[in-house]
Every structure is written in C-alpha cells, then in structure tokens.
Number of protein chains: 2
Amino acid sequence: MASQTEENYLKSLFNLANEKDEVNISELASQMQVSMPTVNSMVKTLQKNGWLIYEKYKPVTLTPAGKKDAALVIRKHRLTEMFLVNKMGFGWEEVHEIAEQVEHIHAPKFFERMDEMMGFPTIDPHGSPIPDKLGRIQEINYLSLTECKAGQLVKLAGLTNSSTEFLEFLNGRNLSLGTELRILSKEAYDHSIVVSYSNHTSETLSEKVCEKLLVKVM
Amino acid sequence: MASQTEENYLKSLFNLANEKDEVNISELASQMQVSMPTVNSMVKTLQKNGWLIYEKYKPVTLTPAGKKDAALVIRKHRLTEMFLVNKMGFGWEEVHEIAEQVEHIHAPKFFERMDEMMGFPTIDPHGSPIPDKLGRIQEINYLSLTECKAGQLVKLAGLTNSSTEFLEFLNGRNLSLGTELRILSKEAYDHSIVVSYSNHTSETLSEKVCEKLLVKVM
DNA sequence: CTACATTGTTAGATCAGTCTAACAAAATTG
DNA sequence: CAATTTTGTTAGACTGATCTAACAATGTAG
Ligand SMILES: [Mn+2]
Ligand SMILES: [Mn+2]
Ligand SMILES: [Mn+2]
Ligand SMILES: [Mn+2]
C-alpha cells in the first residue's frame, strides 16, 4: 500500500503526464517542492513497487498500475472536496488543503459512503472530473474563454487553476460554476474580454483570468 | 505541531493516566505496540516538546499542555466517530479504525463544522465524553452493570471497551446505547445477570460482558 | 564541434521512528 | 538480605524521506 508520500508523488506524476506521458525528474522535483536527488531516490522506490518505469537519464513513465493508483488518490481527493462543499458547507476556495490530507485515509467505505451520499457526482467543486472506482477518468473537452467569440453565450464549467487566490477573485466577481456569460466584446490589444452575467451588466476579465476559465458553449 | 506518531502517544498517555496520573514505560510500550527502547526515545522527544515530564527510571507524567493536546486529539477522534455514525450512516462497530486516521487531520474548521452539524454532541457513539475545544473533559460517573441489584431498571449509557468484537456481540443481542434493561436476577456462582429489554424477555449476560456495560439507574 | 548550460546522478549526511542485544536499576520474593 | 524477575536504558543498526556538495551526462548554441 502506498505511503502518503508515495501517493503524493503518484498524483503529481499523473498530473504532469497529461499529453506528454513522460515526466522529467526536474519537473517532478519542482512540482513536489523537493530536490532532484530526492526525486531520483523516490523514483527508484516507485519503480521497485511497480508504479513507474525508470531508466537512468530518461524521463519516467507511469505503468498502468501507477496510473490507476494515482487516479484512485485523485478520486479520493475530489470526492472529499465535493463532500466538503456539498455536505459540509465549505466554500470551494477552502477545500483543497483539507482534501490534500483526507485523500490519504485508507478506508474505502468512507469514500464510497461520501460518493453515495452525494449521488455519485462526476465532477469536483472546481469542475474537474472525478475518476471512477476503477481509476478511469472521463476526459471533458471544455473551451478556454479566450477561444470564444464575441456574441457567444457560454456557461462556466471548469478551471485550469484552482488556487485559493484565483477562487477568491472569482468569489469577489460572483462567478461560480454554472454561471452563464454573454461575451460582449473582445479587446484586440490586451486580449481582455467584456462579459455580462447574472446582475453584472459589464465586467472586464483580463486575458490572465480568461485563459483559466473553461466554458461550454450554450 | 504534533506528528501523527506524537499524537498517538499523547492519546495513549492520556488514557493510561486515568486515576494514577503516572504512566510506566512498559505500560505505554504495550499500549502502543512498540518496544520499550522505542518508548524510551519517544518520551525524551515528548519531554523536549513540553508534553510530559520524564526522569530516568521514573514513570512519566503529562504536563498540562500534554493533557490539553491529548484531549484535543481525543476530541477529533470522538467527533469523527459521532459524525460517521450520525451523518454518514456507519455502525458504531465500524468507526474506530477510520477515526484513528481522521483524528490526525490538521484542519480545525473541519472538526468545528462536524461539531456544528451534529449540534455539539457531548458523547461519542460508544458513550465516551467528547472533550470541549479547550480540551476539558466532562467526567461522567456511570455504574458498571455488575454493581447493580436485581429488580433495578437501568439504561445502557456507556462501555468500558469498544472493540469491534464486543460491539458486534452487542449488535447480535440488539443492545445499544439508550436500551433500558430490567435486572431480573443475579447468579451468585458465576456473577452472570439475567435481564429483559425491548422484545427480549430473558437474556443472560456473563460477568465478562456485564463489567463492560456502563449504566445509569433509572 | 566545442563550450556552456541544464539536467540528472552519486555520495554522504540528517532526522524521525523503529528494532534487537546487552546491560543496569528497581522491585519482588523466598 | 540475597537471588531472581521485571522494568528501564544504552548502544548500535535500519528504513523512509529528505538535504547539500560534487560530479557526470545530455542538450544547445555559437
Ligand atoms: Mn484540489
Ligand atoms: Mn496529499
Ligand atoms: Mn474510538
Ligand atoms: Mn491515530
């Protein structure tokens, strides 16, 4: 059974392996906030336990077992976040830190019960998909708000970044998942976008914000 | 901040320090299921951190800070057990193992929210008192069933042992906290007791069971 | 292609938490 | 009280997870 540390490495590896599938030692070190020698020794351990493939001087790759176990940790994390928001009344900006700890609890029934109580949700409070019990993850293809055209009506469905600061910024603007946005105009110079939604008739969103907002065209 | 290991030692120390207040190294070693040298080195650490007082060859004593922090871990444990039973539908025999892990989560709001959602309970699912936010524990003085007399009507209010096996035994007899028992007779030879309750007209409980049942005389 | 920068590895140390073996102090018991 | 048992300590080792310093391989850019 994976230790807390190993579970955290698996999660990072899984998240870094989007698209490229391979992960460099240095990437992993910076993601995990540890030194490269630390990663070097840990990848040897993870390999010994069958979670990844490693060859000297080569980037590492998760094995199918590694991918599955990583997804199951992510499942615990996201179920927890959803439970904290839906059943315990936390704000979406408060739950990540708690889930970072709760995800390491070894008690399948605990998470199954959360799942059940929430009616088997498929996304977490930040719009990210919750892997199923077998570690399968449903890929959702949302558009970034930057890719949308003036005049379009879109619905906020996900985020590419869920830092507390960004979530608090969105709270301050009354933006939450499900909010329908009308794109009023796009500024060619700085790529900012003017939108209207709810009782906000004209809100300007910078490119930095827009690229982090994932939307579904209505 | 206490590590998981330290928190577990504090809890054990607190529980062993009932009455006597002092705890022997060997008691603590057997409680924690580690060797005496391990305890020896750990008590030095705990002393260095201000949680206990230790002198070579003497039993150890928790400091006020040690008692408080121990009680706060026990608070997290018992709030969790109550939450699992009351809000998540677990049986009282399933919750201890999960709480043993959840008690180490460092997130005050998480436990405060549980507390709030349950209406600030004062006992856990096994009848043990839940320490308050300042680590104060309300001592309740129940009677053991062995101390009761024939003819008395008593209510099951607590247990001196909450092992899964014992809880499953009680489940099998339909005995739960709050059950009112009429003591029909006491057997002088083996100290077993015959009781009636709910739709059980005559159930014999061995001394081994009776001494673990804490009751309130009605 | 050589030089320099980047990336990765090795060696060796540290800290927490654990162990066993050997020994020492304290308690018990005849 | 002396012998024996029980309890506690010391020494030394190990594992997991981390670090820094030194070095080696790989990649890049003139
Ligand atoms: Mn998260
Ligand atoms: Mn984590
Ligand atoms: Mn318990
Ligand atoms: Mn515990």
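Throughout, protein chains are lettered first and strands after them, A, B, ... in sequence-line order, and every chain is numbered starting at 1. Heavy-atom basis, side chains included; hydrogens, waters and symmetry copies ignored.
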- Item | D:dT10 phosphate, OP1 or OP2, under 4.0 Å from B:Lys44 side-chain N/O | yes
- Message: So A:Thr45, base contact, sugar-phosphate only, or nothing? Heavy-atom distance under 4.0 Å.
- Response: nothing
- Message: What is the separation between atom NZ on B:Lys56 and atom P on C:dC23, rounded to the nearest whole Å?
- Response: 16 Å
- Item | Nearest-Å distance for atom pair OH/C1', residues A:Tyr57 and D:dA25 | 5 Å
- Check ion pair A:Glu103-A:Lys11 (N to O, under 4.0 angstrom): yes
- Message: Tell me whether the count of non-hydrogen atoms from other residues, nucleotides or ligands lying under 6.0 Å of CD in B:Glu55 goes above 12.
- Response: no
- May I ask you to verify if any side-chain N or O of A:Thr5 is less than 4.0 angstrom from the OP1 or OP2 atom of D:dA17? yes
- Item | d(CD, A:Glu27; P, C:dT6) in whole Å | 16 Å
- Check the distance between D:dC23's C1' and A:Met36's CE and give it to me in whole angstrom. 12 Å
- Query: Hey, is A:Glu112 close enough to A:Lys109 for a salt bridge, meaning N to O under 4.0 Å?
  - Reply: no
- Query: Hey, does A:Lys58 reach any base, or is it just sugar-phosphate, or nothing, if we go heavy atoms under 4.0 Å?
  - Reply: nothing
- Query: According to a strict under-4.0 Å criterion, is B:Tyr9 in side-chain N/O contact with OP1 or OP2 of C:dA16?
  - Reply: no
- Item | Ionic contact status for A:Asp115 with A:Arg75, cut-off 4.0 Å | yes
- Would B:Glu27 and B:Lys20 pass as an ion pair if we require N to O under 4.0 Å? yes
- Describe the nucleic acid contact of B:Ser26 in one word from base, sugar-phosphate, nothing, applying a heavy-atom distance below 4.0 Å. sugar-phosphate
- In whole angstroms, how far is the P atom of C:dT9 from the CG atom of A:Asn40? 4 Å
- Message: From CG of A:Asn24 over to P of C:dG8, roughly how many Å is that when rounded to an integer?
- Response: 5 Å
- Per B:Pro37 side chain, nearest of listed nucleotides C:dT10, C:dT18, C:dA21: C:dA21
- Task: Calculate the interatomic distance between B:Tyr54 atom OH and D:dT10 atom C1'; express it in whole Å.
- Result: 10 Å
- Please report, rounded to the nearest Å, how far the P atom of D:dG16 is from the CG atom of A:Asn8. 17 Å
- Query: Contact class for A:Ser35 vs. all strands (heavy atom < 4.0 Å): base, sugar-phosphate, or nothing?
  - Reply: base
